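Heads up, the thing below is written out as structure tokens.
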Amino acid sequence: MIRQAAMAVALLATWPAAAQTDDMANPAFLWVEEGKALWSERPRPGAKSCADCHGAAETAMRGVAARHPAFDAKRGRAMLLTQRLDACRVEHQGETPFEPESRRQLGLAAYIALQSRGLPVAIAADGPLAKTVAEGRALYTRRIGQLDLSCAQCHDDLVGRRLAATAIPSGHVNAYPVYRSDWLGMGSFWRRLGNCTTGVRAEAFAPHSPEHVALESYLAARGNDLPMQAPGFRN
Amino acid sequence: MTRVLIRVPKTVKPGQEFEIKVLISHPMETGYRRDHQGTPIPRDIVKQFRCTLDGEEVFRAEMFPAIAANPYFFFHAVAERGGTLRFEWSDERGTAWRESAALTVE
């Protein structure tokens with residue numbers, strides 16, 4: 001009995017970190033399977049699937065998630081990976097954008113991000129994306145909400161300390177979309193951002209809003225050269 | 001929607017212990033939560049899980065509301081002969097699911 005308890009504690013101590021390296025123990029892979037099916041699924045008869053234009057995701061999508069957010073010269077603005085998916089759906093598939101945080105959107109994003117796993121994050125932060133990154137940095141250090149806190153006050157100054165029982169992380173975005181056990185599901189960086197903005201009693205930014213894009217661009221650029229971990233598994 | 005991920009070794013040696021991993025997609029709603037309107041969310045959990053090798057029981061579990069969403073089973077087995085591993089699980093509403101995987105012993 002005592003031995004079993006000790007084993008359970010030992011398992012808990014390594015979970016979910018251990019699951020991050022065992023795909024079978026990472027529930028995010030239930031979403032990945034969905035994204036994999038979606039990749040070659042035609043939204044309606046006669047319409048193109050992702051695979052019809054791009055071919056095999058393993059080769060065509062390798063490194064794509066590691067480069068996003070990226071500056072889109074045609075549109076003249078920074079684009080997140082999920083905005084890129086929406087653009088493809090609207091322009092090439094004649095569909096409507098994904099519903100934010102839907103199983104299909106997160107599944108496809110997770111499947112595409114998986115093709116970059118282990119590659120270094122490679123945001124071109126000194127090119128035309130620099131303006132968006134700078135905007136993100138300004139937002140990151142701006143005090144907001146009734147608690148009058150900026151992101152930096154926790155995620156720079158108190159990294160590794162605890163907020164109640166939770167360790168304060170340094171705000172890297174190389175594991176999104178992520179399965180979180182407190183959500184019992186998967187979410188994008190936007191969902192996680194909402195946890196913090198409502199936590200400091202500020203109004204949450206809308207998905208794909210300029211604020212969301214700027215903050216994600218800044219955090220991604222800060223994590224340049226870190227290995228891509230998506231789809232992550234966190235508690 | 002992806003219902004389950006199953007991992008079983010393709011071939012094992014007779015009498016050699018091997019791993020079986022099953023990750024089930026299910027909300028495991030406890031019945032204790034309320035939605036934004038204050039209405040209770042009805043309980044919806046997988047109650048039974050069973051794994052058999054050619055009809056012989058390998059592993060069985062009964063589940064309760066304290067099990068988190070997307071339950072993950074990881075257990076060991078020993079086989080002398082190959083066969084079909086069947087995985088069956090059911091919820092309290094009478095819905096049952098079934099998957100199988102081939103196991104070769106050599």
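Lettering of chains follows the sequences in order, A, B, ..., and the numbering in each one begins at 1. The figures that follow rest on heavy atoms only: side chains count, while hydrogens, waters and symmetry mates do not. In this text the structure is predicted, and so the values were computed from the model without any measurement.
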Is the number of heavy atoms from other residues, nucleotides or ligands within 6.0 Å of [atom1] ([X]) greater than 12?
{"X": "A:Glu203", "atom1": "CD", "answer": "no"}
{"X": "B:Arg33", "atom1": "CZ", "answer": "no"}
{"X": "A:Arg84", "atom1": "CZ", "answer": "yes"}
{"X": "A:Lys48", "atom1": "NZ", "answer": "no"}
{"X": "B:Glu56", "atom1": "CD", "answer": "no"}

* Those residues of residues 69-100 of chain B, ordered by number, that approach chain A below 4.5 Å (heavy atom to heavy atom) ->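 Checking residues 69-100 of chain B against chain A gives B:Ala69, B:Asn70, B:Tyr72.
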* Asked: Are any non-hydrogen side-chain atoms of A:Asp22 and B:Lys21 less than 4.5 angstrom apart?
  ->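 Yes, close enough: below the 4.5 Å cut-off.
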Check: Side-chain contact, heavy-atom cut-off 4.5 Å: A:Arg103 with B:Ser25?
Finding: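 Yes, at least one pair of side-chain atoms sits under 4.5 Å.
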Separation between CD of A:Glu33 and CZ of B:Arg3, rounded to the nearest 0.5 Å: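 Here the rounded value is 12.5 Å.
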Worksheet item: Is the shortest distance from a Lys or Arg side-chain nitrogen in A:Asp23 or B:Arg7 to a carboxylate oxygen in the other one below 4.0 Å?
Response: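 Between B:Arg7 and A:Asp23 there is no salt bridge, as every charged N stays at least 4.0 Å from the carboxylate O atoms.
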Q: Considering non-hydrogen atoms only, spot the tightest contact between B:Leu23 and A:Asn26 and give its length.
A: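 Smallest heavy-atom distance, with atoms named: CD2-O, 3.8 Å.
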